[in-house]
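Okay, so here's the structure we're looking at.
Each chain gets a letter, A, B and so on, in the order the sequences are listed, and its residues count up from 1.
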Number of protein chains: 2
Amino acid sequence: MITPSREDYLETLFHLESEGVASTTQAIADHLQISAASVSENIKKMAIERFVVHSPYKGVKLTAKGRAVAIDVVRRHRLSERFLVDKLGIKWEEAHREAHRLEHGLSRAVEVRMFELLGNPETCPHGNPVPTLSGKIRDDHSHPLASLNVHDRARIVKITDEEPKQLRYLASIGLMPKTQIRVERKAPFGGAVIVRVGETAYALGNDIARSIWVRKTG
Amino acid sequence: MITPSREDYLETLFHLESEGVASTTQAIADHLQISAASVSENIKKMAIERFVVHSPYKGVKLTAKGRAVAIDVVRRHRLSERFLVDKLGIKWEEAHREAHRLEHGLSRAVEVRMFELLGNPETCPHGNPVPTLSGKIRDDHSHPLASLNVHDRARIVKITDEEPKQLRYLASIGLMPKTQIRVERKAPFGGAVIVRVGETAYALGNDIARSIWVRKTG
DNA sequence: CTCCTGATTTAGGTATACCTAAATCATACA
DNA sequence: TGTATGATTTAGGTATACCTAAATCAGGAG
Ligand SMILES: [Mn+2]
Ligand SMILES: [Mn+2]
Ligand SMILES: [Mn+2]
Ligand SMILES: [Mn+2]
């Protein structure tokens with residue numbers, strides 16, 4: 001059996017690779033909140049077990065084997081979030097951390113039944129796709145908020161940030177998946193974006209904007 | 001944070017003490033399916049941390065501190081079983097082992113919401129009481145099946161056995177909490193009990209009978 | 001009351017998963 | 001084209017949680 005710790009490493013690698021970030025020792029250490037030395041050791045072991053390929057001093061990449069496990073964990077994570085929010089009424093900004101505990105306790109059988117209970121959900125509460133049982137991840141055809149032009153209308157597809165603080169803020173201004181928005185103004189060179197939600201306009205910093213993915217509707 | 005392993009030790013001690021079995025090193029080892037040597041070591045540490053009192057070569061007893069944690073784990077275990085059976089449709093004989101994975105992943109907040117979702121259940125699917133949030137365990141006024149006399153009618157309150165094989169058998173003959181039964185015949189000296197369920201009579205061995213608790217109705 | 005035996009503990013060992021501090025490496029810029 | 005600097009790995013250490021084999025103990029049979 002794969003340990004919870006290992007599951008978290010693989011999940012981290014999946015996230016870094018999805019975001020197009022290089023999976024350096026330091027990036028993994030930051031994400032898991034542990035020392036770079038610990039990551040280095042662990043990666044070495046996971047390379048021996050063929051979950052990753054490791055080019056020392058360069059970086060890490062998931063193998064097909066590692067990716068399969070990672071996607072499995074991501075599926076359990078996102079289903080857990082869905083359950084926590086839809087069935088238990090846990091706040092969406094707390095769902096992520098809670099799901100990180102729950103995800104390791106779901107057997108395949110339980111995961112399958114949970115998927116049904118939740119009505120075969122396609123996304124987590126933050127809009128990220130739930131991988132299929134066979135490990136496929138649907139393309140949601142979304143683009144970064146920053147790719148929109150002034151006066152474009154769009155619908156929020158997903159929020160990739162998982163920080164409770166950010167999520168709480170976004171929820172408070174109604175910025176969640178399915179929300180209809182309009183770009184009012186853009187600062188040059190990837191600066192802030194001014195976005196209208198309902199009647200009100202909000203300025204979103206570069207950091208927060210980068211985690212918002214949309215589909216044009218206008 | 002208390003580890004899953006520690007939670008399982010405390011849970012085991014709770015069960016042994018409830019059943020009136022002496023919490024010997026060997027009994028704990030059998031229950032957890034690990035070596036007696038491992039148990040001995042671990043108990044020593046848990047005694048230092050005041051979860052138990054240990055009289056070397058004699059046995060172990062939960063302290064108030066240890067009992068509080070144990071009851072907390074038992075609550076999460078029984079709620080997990082309830083959830084698995086009622087909401088996910090997991091078979092009751094598989095609920096126990098699945099719950100053992102799930103129970104360690106529930107935060108207090110999640111446990112509280114889950115309790116509500118399940119309609120404040122008083123028992124697990126096998127009839128064992130769900131401890132209250134404050135750690136109280138309701139008395140269910142039940143007695144061992146063997147305490148009944150011939151021709152007594154009774155209602156099943158709980159099945160304390162957790163073996164899938166036994167549970168599957170009992171379910172197959174309709175012997176579960178709330179089932180109405182009648183004692184047809186008893187072998188002397190704690191031997192088999194012949195019990196009528198609906199139209200059919202079944203002989204229950206001493207072992208299996210000991211795990212069936214009832215309340216007289218006739 | 002002594003001895004035997006099974007239960008228990010201790011000794012010594014492994015694997016995971018973390019740590020800090022020291023050594024080593026890659027590369028960017030001066 | 002060195003060299004210093006930051007990233008990475010290695011060295012050495014701790015804690016948990018398991019193991020088998022050896023030593024020790026306690027209580028019942030004789
Ligand atoms: Mn996790
Ligand atoms: Mn999510
Ligand atoms: Mn457990
Ligand atoms: Mn139960």
Side-chain angles (χ1 to χ4, degrees), chain A residues 1-13 16-17 19-62 65-66 69-70 73 97 100-101 103-105, chain B residues 1-13 16-17 19-62 65-66 69-70 73 97 100-101 103-105:
Chain A
M1 252 294 288
I2 184 129
T3 63
S5 164
R6 281 281 207 284
E7 289 193 340
D8 284 340
Y9 273 94
L10 292 169
E11 205 178 5
T12 298
L13 286 167
L16 293 174
E17 292 188 9
E19 288 163 23
V21 175
S23 299
T24 61
T25 301
Q26 194 54 56
I28 299 164
D30 289 346
H31 197 276
L32 290 173
Q33 308 248 61
I34 58 179
S35 75
S38 297
V39 172
S40 195
E41 285 176 281
N42 238 296
I43 288 296
K44 198 162 53 175
K45 286 184 195 160
M46 290 180 36
I48 291 166
E49 293 159 23
R50 306 278 177 226
F51 288 113
V52 299
V53 279
H54 184 208
S55 325
Y57 292 102
K58 294 288 181 53
V60 196
K61 275 205 161 51
L62 286 167
K65 179 187 175 187
V69 177
V73 181
R97 89 179 295 99
H100 248 301
R101 294 187 58 178
E103 67 193 6
H104 307 291
Chain B
M1 252 294 289
I2 185 130
T3 64
S5 165
R6 281 283 207 283
E7 289 194 339
D8 284 340
Y9 273 93
L10 293 170
E11 206 178 3
T12 296
L13 287 167
L16 293 174
E17 293 188 7
E19 288 162 24
V21 176
S23 299
T24 62
T25 301
Q26 195 55 55
I28 298 164
D30 289 347
H31 197 275
L32 290 174
Q33 307 247 62
I34 59 180
S35 74
S38 297
V39 171
S40 195
E41 285 177 281
N42 237 296
I43 288 296
K44 200 164 53 176
K45 285 185 195 161
M46 288 178 40
I48 291 167
E49 291 158 24
R50 306 277 177 230
F51 288 113
V52 298
V53 280
H54 184 210
S55 325
Y57 293 100
K58 295 287 180 56
V60 196
K61 274 206 160 53
L62 285 167
K65 179 187 174 185
V69 177
V73 181
R97 89 180 293 99
H100 247 302
R101 295 188 56 181
E103 68 194 4
H104 307 290

Is there a side-chain contact between A:M46 and A:H54 in this structure, where contact means two heavy atoms from C-beta onward sitting under 4.5 Å apart? no
Could you check how far CD1 of B:I2 sits from P of D:dA15, rounded to whole Å? 18 Å
Taken to the nearest whole Å, CG/B:L32 to C1'/D:dC19 is 15 Å
Judged by nearest nucleotide, the residue sitting upstream toward the 5' end of DNA chain D, B:E49 or B:I34, is B:E49
Taking OP1 and OP2 of C:dC18, is either one under 4.0 Å from a side-chain nitrogen or oxygen of A:S5? yes
Whole-Å gap separating C1' (D:dG6) and CG (A:D30): 13 Å
Is A:L13 close to A:V52 at the side-chain level, that is, under 4.5 Å between some pair of heavy atoms? yes
Quick one: which of D:dC18, C:dC25, D:dT24 gets closest to the side chain of A:Y57? C:dC25
Take A:E41 and B:Q26, find for each the nucleotide of DNA chain C with the closest heavy atom, and name the residue whose nucleotide sits nearer the 5' end. B:Q26
Could you tell me how far apart A:M46 (CE) and D:dT9 (P) are, to the nearest whole angstrom? 13 Å
Without swapping roles, check the side chain of B:T12 against the backbone of B:D8 for a donor-acceptor pair under 3.5 Å. yes
A:Y9 vs C:dC18: side-chain N/O to OP1/OP2 distance below 4.0 Å: yes
Rounded to whole Å, please give me the gap between NZ in A:K58 and P in C:dC25. 13 Å
Rounded distance (Å) that lies between atom P of C:dT16 and atom CE of A:M1: 14 Å
How many whole angstroms separate atom CD of A:E7 from atom P of C:dA17? 11 Å
So, OP1 or OP2 of C:dT10: does either fall under 4.0 Å of a side-chain N or O from B:K44? yes
Look at the side-chain N and O atoms of B:H54 and state whether any lies under 4.0 Å from the OP1 or OP2 oxygen of C:dT9. yes
Give B:S38 one of three labels, base, sugar-phosphate or nothing, depending on what nucleic acid heavy atoms sit under 4.0 Å from its own. base
D:dA17 OP1/OP2 closer than 4.0 Å to side-chain N/O of B:T3: yes
Under 4.0 Å between a side-chain N/O of B:T25 and OP1 or OP2 of C:dT9, yes or no? yes
Quick one: the side chain of A:Q33 and the base of C:dC18, do they pair up donor-acceptor inside 3.5 Å? no
Taking the side chain as C-beta and beyond, is there a heavy-atom pair between A:V39 and A:V60 under 4.5 Å? no
So, do B:T25 and B:I43 sit near enough that their side-chain heavy atoms are less than 4.5 Å apart? no
A:T24, nearest nucleotide to its side chain (from D:dT8, C:dT9, D:dT9): D:dT8
For the pair made of NZ in A:K45 and P in C:dT16, what is the distance, rounded to whole Å? 5 Å
Are B:S23 and B:E17 side-chain neighbours, meaning at least one heavy-atom pair lies under 4.5 Å? yes
Could you say whether A:A37 or B:A27 is positioned toward the 5' end of DNA chain C, judged by the nucleotide with the nearest heavy atom to each? B:A27
Could you tell me whether the phosphate oxygens of D:dT20, OP1 or OP2, come under 4.0 Å of any side-chain nitrogen or oxygen in B:S35? no
